[in-house]
Amino acid sequence: MKKFILLLTLLATVFSYAQNTGSVVGKLTDKEYNNEPLAFANVLIKGTTKGTTSDFDGLYGLENIEAGNYTLEFSFVGYETQEIPVAIVAGKVTEVNVPMGASAASLDEVVITTTTKRESEEAVLLDQKKAVEIKQSIGAVELERKGVSDAAGAVAKISGVSKQEGSSNVYVRGLGDRYLNTTMNGLSLPSNDVSKKNIDLDLFSSDVIENVSISKAYSSKFYGDFAAGNVDITSKDYSGKGFFNFGVGSSINTNAIGKDFVRSEGTGHFGFYNRYAHDPFAVVLSHGFDPVDAGTPINTNFGGSFGKSFTFENGSKLSFYGTGSFENDFQYRKGSNVDYTNVEKKAFEEAEEFEYGTTTTAMASIIYRIDDSNTIKFNSLFVNSSSDKVGYFGIDGKGRNRDAIANTDEGFFQQNIQFNENLIYVNQLTGTHKLDKFDVDWGFGHNFVNAHEPDRKRLSFENYQFALDDDPNTNPIFYSNVDFDNQRYFQDIQDEEFNGRLNLAYKATENIKLNFGYNGRSKERRFNNVRYGYDILDNSGIADVNNLNDFFTLDNLNLTSNEGTYEIKVINAYPNLSNTNRPGLDENTYKGKLDIYAGYFNAEMNLGEKWLVVPGLRVESFDQYIEYDVINLGVNGNDNISASDVLFLPSLSLKYALNEDQNLRFSGSQTISLPEFKEVAPFVYESVSQRIGGNPDLLGQKDGFNYTNVKDVSYSKILNLDLKYEWFITKSELLSVGAFYKQIEDPINQVVAFDATGTQRFFRTGDKAQIFGIEAEVRKNIIVNEDDKPELSFGFNATYMHTEQDLYSDIVGSNFNVSFIKDKEELQGASPLILNADISYSPTSFENYKPLATLAFSYFSDRIDALGSGQLGNVIEKGVPTLDFILKNKLGEKFEINFSAQNLLNPNVTYIRETTQGDIVVTSPNGKDVSDYKKGMNLGLQLKYKF
């Protein structure tokens, strides 16, 4: 009886307390960003310790508040703190919605830009949690913590993503460049390289990145050319009273330091080349071969950023953000260079390459917030990226060439001096407008790329072992089987694109939003190259291999019969001009055009409190055309080919909220993959020991040709299925597990031809390829402080894949043929295993000193770099582990001293060809000109100051 009375008393007390308390709820919105929800803002009952924070939707709630009058305090770093009186009524829920604006605080306060909420790891996770589609992101805060300096390094930290060593190629779920799309602020970006579809992500420094996301599941708003995913870079912007910061840093590479570094003559320290206006023949006549001193190989970087906002009397606001940076990088590689098909063609067991790279970046953005509902933004980005390589192949005097004239067993040597510069201009105008039930989001973009390879110099020697002895009577000679064994090469690419997008979102009901959209792009590429070869007339010996300028002088040029040591040859002579000692016409040219126009529709339907269903349909038309004039196809080298179609691409995305913190997602879609210009254009690019070219057959059957085992198709059809479970344990902790399946009809692979040249080309290799995979990710805090901030945390993600494709036995096309002895193979570029892990320690016990130490690890297992054909085995890229250590030291609020040690494991970067005699180390056109080399460790120090 006593227990019953006690229970009644407790119930009466609770009931009485509930009758005397109320609650307050509301939504915080961001006036600086068209009243979007403001996450992570603080809500406090003034004079108490009772408070909360807003969630990703800007919602907050405080319960069990005794009835009475209070003052609520709303604050967010960089925003105006607001105090609002509120009366709490017993048994009632009071709603207080607050728009927050940027702070007008005094100048001596610390300023943190309002983009912090979009850059933080918590914000990125919440964005992933609330997203309609399956995607993963990495923000600027996480980039800084892991010491990631560019977008390529950023995406490589996301599960299922790996970066190819020796290049900027990125693989998502085993699918490489041709299956990816890259956008910035939702608008497509150009390629800066004739051999790639996507822009090099390492050109985007962390200074311009707010966050990088990969949408691995298709949505109707994306272009239909989608398989692996869409990489979107969100550029930084600013809204606040003003700031300026500057940083400078330096590093060394353990391989490069101490070397006598050289680079091309005619290039500048900042990576600019100033002879583009000159005719190539004039450059050949006026500038020599020998490289020049590149200075002490110490890497430097410096840069700064600034921002400022102006608020007008009518409430509108104009904000500016700008950033600029420069960095250079000295790399030294020593390894081998081997050209091996079914037999050894050319082999340099000892080769070395000096590379001096630069990246100059400048970005400016202007945001005009007309009012709380309308904003217009202009963004302009300029990037200059250069690579200056000097390679020596056969430095031990033991180089071999089966086609050598003097000695096939030793003494063959090649020198390659090559400068590449890519000038990239991206301009974008975007806008957002919020009406009563409509949201309008639009954007226009113009991209322009000038990609140059000016004055590549390649020389070939025999009897190079004589250059290494002390006998003045023995000298090496030129290898001059054909005129172009010694050559100067000039290449130019111009890539221009106009693109746009428009999305109209209509909120039909509280639970249904309809999206109607359009996007399109019109892209054109122009390519041309010319070579000048040297016919060596006096090949009695080279007195000094390090002073070739003394041989290739104007005085030694044979202008009349038998009065010189060499002549200059060109393949395509001007009409009525000789091909000797005269300027020439372009050797190879092609022009490619791609027009894509699409409309789409999808519906975001919240069915009850658990289900989000998003059906979508995209109707897309494409028109692809390429015309070419190349020398390697003889009479068939001047031609054109085109393809066009209208596609209907359905998609479905489902999200089921198991509870407030756990989601179950499913996505299914039909997409396509279009061949790239470089895969179609039959131009052949020749590196020191590799050749790679395109195949016009990829665009389908032409009238008058009957293909064997090659369907009349101009694109691959792709079925995408994804299933994923997500548990957002806390705002900074995550556990997710996913499975995915892809089926690619008529896949394209890079294949090593079974012929005398071993040229790699692109073929539709079979009816179908399949990819099965699982991926998992965990982010966990081990130690947290009293404010629930992590002090010791770790992250880990892993992806395991099984890929299989069938192979035709014979492929006979109008231009190129290939055959396979296998009927099945793994998919090119697919690593069965990809791992990423990191652990961070950030103690908070110091008052003015905030250290942050991070150890980051990544690994991808062996993968096929190119399929072998006939009796040739595959080319394999060996797996590479990477371990980096980053230590950041923030002293007060303005000064940082940061240290980094990257590539601590210093593994070998190796490509091998599988043969019946065992694995043979070779080089790859997808990598560097040497193989089986170590990159060396990079040790760096950086100073940063915030004004």
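For the single chain, residues carry numbers from 1 onward in sequence order.
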Checklist entry - What's the verdict on side-chain contact (heavy atoms from CB on, under 4.5 Å) for Asp232 and Asn185, showing C-alpha distance, side-chain angles and the deciding distance? => result CA-CA 7 Å; Asp232 186 58; Asn185 303 319; 5.6 Å; no

Next on the checklist: Using the rule given for side-chain hydrogen bond (donor to acceptor under 3.5 Å, both in side chains), can you reason through Ser840 versus Thr854, listing the C-alpha separation, both sets of side-chain angles and the distance that settles it, and then say yes or no?
Outcome noted: CA-CA 4 Å; Ser840 295; Thr854 300; 2.9 Å; yes

Next on the checklist: Checking side-chain polar atoms at under 3.5 Å, does Thr432 have a donor or acceptor matched by the opposite partner on Asp441?
Outcome noted: no

Checklist outcome for this item: What one should report as the nearest heavy-atom pair of Trp442 and Ile376 is CZ2-CG1, 4.4 Å

Checklist entry - Taking NZ, NE, NH1 and NH2 as the nitrogens, is one of them in Glu726 or Arg665 under 4.0 Å from a carboxylate oxygen of the other? => result yes

Item to check | Donor-acceptor contact present, side-chain Ser220 to main-chain Arg618, <3.5 Å | outcome: no

Checklist entry - When you look at NZ of Lys894, are more than 12 heavy atoms from neighbouring residues, nucleotides or ligands closer to it than 6.0 Å? => result no

Next on the checklist: For the aromatic rings, using the six-membered ring if either is Trp, is the centroid distance between Tyr60 and Phe74 under 6.0 Å?
Outcome noted: yes

Item to check | Close side-chain approach of Thr375 to Ile367, heavy-atom, < 4.5 Å | outcome: yes

Item to check | Greater than 12 external heavy atoms within 6.0 Å of Tyr656's OH | outcome: yes

Next on the checklist: Under a 3.5 Å distance rule, please check whether Asn781 uses its side chain to pair with a backbone N or O of Ile783 as donor and acceptor.
Outcome noted: no

Checklist entry - At what distance, to the nearest 0.5 angstrom, does NZ of Lys655 lie from CH2 of Trp611? => result 12.0 Å

Checklist entry - Looking at side-chain heavy atoms only, is the closest gap between Met363 and Ser235 below 4.5 Å? => result yes

Checklist entry - Is there a side-chain contact between Tyr368 and Ser316 (heavy atoms, below 4.5 Å)? => result yes

Checklist entry - Does the pair Asn511 and Thr509 meet the rule for a side-chain hydrogen bond (donor to acceptor under 3.5 Å, both in side chains), with working shown? => result CA-CA 5 Å; Asn511 295 318; Thr509 69; 5.4 Å; no

Next on the checklist: Is any side-chain heavy atom of Tyr725 closer than 4.5 Å to one of Leu658?
Outcome noted: yes

Checklist entry - Would a distance-only check, ignoring hydrogens and angles, find a side-chain to backbone donor-acceptor pair under 3.5 Å from Ser54 to Leu38? => result yes

Item to check | Derivation of the side-chain hydrogen bond (donor to acceptor under 3.5 Å, both in side chains) call for Ser669 and Ser651 | outcome: CA-CA 4 Å; Ser669 61; Ser651 61; over 6 Å; no

Item to check | Interatomic distance, Thr799 atom OG1 to Phe740 atom CZ [nearest 0.5 angstrom] | outcome: 6.0 Å

Checklist entry - Taking C-beta and beyond as the side chain, do Thr71 and Ile84 meet within less than 4.5 Å on heavy atoms? => result no

Item to check | Val613 side chain reached by Leu652 side chain, heavy atoms, under 4.5 Å | outcome: yes

Checklist entry - Has the side chain of Asn97 got a donor or acceptor atom that lies under 3.5 Å from a matching backbone atom of Lys27? => result yes

Item to check | Sidechain N-carboxylate O distance under 4.0 Å for Lys434, Asp372 | outcome: no

Checklist entry - What is the distance from atom CD of Glu791 to atom CG of Leu852, rounded to the nearest 0.5 Å? => result 11.5 Å

Item to check | Parallel, tilted or perpendicular, as decided by the 30° and 60° cut-offs, for the rings of Phe226 and Phe222 | outcome: parallel

Checklist entry - Would Tyr600 and Asn503 count as a side-chain hydrogen bond (donor to acceptor under 3.5 Å, both in side chains) if you check the C-alpha gap in whole Å, the side-chain angles of each, and the deciding distance to 0.1 Å? => result CA-CA 9 Å; Tyr600 64 85; Asn503 188 85; 2.7 Å; yes

Next on the checklist: Apply side-chain contact (heavy atoms from CB on, under 4.5 Å) to residues Leu318 and Phe320 and explain how you reach the verdict.
Outcome noted: CA-CA 7 Å; Leu318 187 64; Phe320 298 89; 3.6 Å; yes

Item to check | Side-chain touch Leu514/Phe601, heavy atoms, less than 4.5 angstrom | outcome: yes

Checklist entry - Looking at OG of Ser75 and CG of Leu44, how far apart are the two atoms once the value is rounded to the nearest 0.5 Å? => result 7.5 Å

Item to check | Asp439 to Leu435 - nearest heavy-atom pair and separation | outcome: OD1-N, 4.2 Å

Checklist entry - Measuring from Leu721:CG to Ser667:OG, what's the distance to the nearest 0.5 Å? => result 8.0 Å

Checklist entry - Step by step, would you call Val24 with Glu95 a side-chain contact (heavy atoms from CB on, under 4.5 Å)? => result CA-CA 6 Å; Val24 59; Glu95 184 175 354; over 6 Å; no

Checklist entry - Is any side-chain heavy atom of Lys437 closer than 4.5 Å to a side-chain heavy atom of Tyr506? => result yes

Checklist entry - Can a salt bridge be assigned to the pair Lys46 and Glu83 using a cut-off of 4.0 Å between side-chain N and carboxylate O? => result yes

Item to check | Pair Arg779 + Glu733: basic N to acidic O under 4.0 Å | outcome: no

Item to check | Salt bridge present between Glu775 and Lys216 (N-O < 4.0 angstrom) | outcome: yes

Checklist entry - How far apart are the closest heavy atoms of Asn515 and Glu604, and which atoms are they? => result ND2-OE2, 3.1 Å

Item to check | Least distance between heavy atoms, Ser365 atom then Lys377 atom | outcome: CB-CE, 4.0 Å

Item to check | Considering all heavy atoms, the nearest Glu80-Met100 contact | outcome: O-CE, 3.6 Å

Item to check | Heavy-atom closest pair, residues Phe666 and Gly668 | outcome: CE2-N, 4.0 Å

Item to check | Full working for side-chain contact (heavy atoms from CB on, under 4.5 Å) between Ile45 and Leu62 | outcome: CA-CA 9 Å; Ile45 300 177; Leu62 291 168; 4.0 Å; yes

Checklist entry - When you measure from the side chain of Glu609 to the backbone N and O of Ala657, does any donor-acceptor pair fall under 3.5 Å? => result no

Checklist entry - CD of Gln662 to CD1 of Ile729: how many Å apart, nearest 0.5 Å? => result 9.0 Å

Checklist entry - Does Thr21 use its side chain to pair, donor to acceptor, with the backbone of Ala67 at less than 3.5 Å? => result no

